[in-house]
Amino acid sequence: MKHVLKIMALLVAISAFWIGLLETSVVPRSYAWLLPIYLIVSLGCYGLLMVGIGLMLFPTCPQEAVLLQKDIAEAKEFLKNKGVDVGSD
Amino acid sequence: MEDNGLGILISAISLSIFSYYTFWVIILPFVDEDHFIHKYFLPREFAILIPVLGGVALLSFLCLFIGVVILKSKYETS
């Protein structure tokens with residue numbers, strides 16, 4: 001419940017700032033009207049950018065992959081010797 | 001597809017969308033009407049229309065998806 005109240009307080013503060021910006025013409029009127037949509041679009045772009053950067057910097061650990069394949073082969077050998085059906089290869 | 005290449009593609013798309021939109025909304029009103037650059041940008045009403053339409057489409061898709069999942073689970077338990 002408290003989290004929702006925090007978020008709503010933040011929204012009220014942002015809309016008060018925006019209405020204040022509209023009324024006291026600090027910036028030209030057309031800019032003040034477009035500001036919320038611009039902020040939402042840039043927020044979406046920022047999210048996409050973070051996703052892209054995370055994908056770019058994702059580590060693949062090639063040595064670990066080789067070790068894992070070796071482990072899998074060992075386990076398959078062991079189980080086959082014990083008589084378990086290890087399926088296709 | 002390679003994770004690396006996909007990450008680079010997504011970052012490039014997001015950066016280009018951001019710069020195009022920033023240019024459209026903020027810089028273009030200061031440019032004279034005769035400048036050739038106006039040919040590459042739609043009229044400014046579309047700067048509001050396209051994000052709003054995209055947002056409405058996204059919200060309706062989400063609601064549809066949630067509704068389908070709920071109905072499917074009810075159909076399977078009944």
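Per chain, numbering begins at 1; letters A, B, ... match sequence-line order. Computation of the quantities below employed the complete heavy-atom set of this structure, encompassing side-chain atoms and omitting hydrogens, waters and symmetry-equivalent molecules. Keep in mind the model is a prediction, meaning the values are calculated, not measured.
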Report summary line: The reported gap from CG in A:L49 to CD1 in B:I13 (rounded to nearest 0.5 angstrom) is 12.0 Å
Report summary line: In this structure, CD1 of B:I8 is separated from CG of A:L55 (nearest 0.5 Å) by 10.5 Å
Report summary line: Smallest heavy-atom separation, B:G7 atom then A:M56 atom, equals C-CG, 3.8 Å
Indicate every side-chain donor-acceptor pair of residues 54-70 of chain B with a distance under 3.5 Å to a residue at least two apart or in another chain.
unit_1, atom_1, unit_2, atom_2, d
B:S60, OG, B:V56, O, 2.7
B:S60, OG, B:A57, O, 3.0

Side-chain heavy atoms under 4.5 angstrom apart, residues restricted to Ile, Leu, Val, Met, Phe, Trp, Tyr: same cluster for [X] and [Y]?
X	Y	value
B:L15	B:Y20	no
B:I10	A:M50	no
B:F23	B:I50	yes
A:I14	A:W18	no
B:W24	B:F36	yes

Requested in this report: Would you mind telling me which of B:A12, B:P29, B:A47 has the largest number of heavy-atom pairs within less than 4.5 Å of chain A?
Outcome: B:P29
Query raised in the report: So with a 6.0 Å cut-off around CZ of A:F17, is the heavy-atom count from everything else above 12?
Result: no
Query - Which atoms of B:I26 approach chain A - backbone, side chain, both or neither, heavy atom under 4.5 Å - result: both
Requested in this report: Spell out the residues in residues 36-48 of chain A that have some non-hydrogen atom less than 4.5 Å away from a non-hydrogen atom of chain B, in order of number; otherwise answer 'none'.
Outcome: A:I37, A:Y38, A:V41, A:S42, A:C45, A:L48
Requested in this report: Please look at A:L34 and chain B and tell me whether the side chain, the backbone, both or neither of the residue comes under 4.5 angstrom of a heavy atom of that chain.
Outcome: side chain
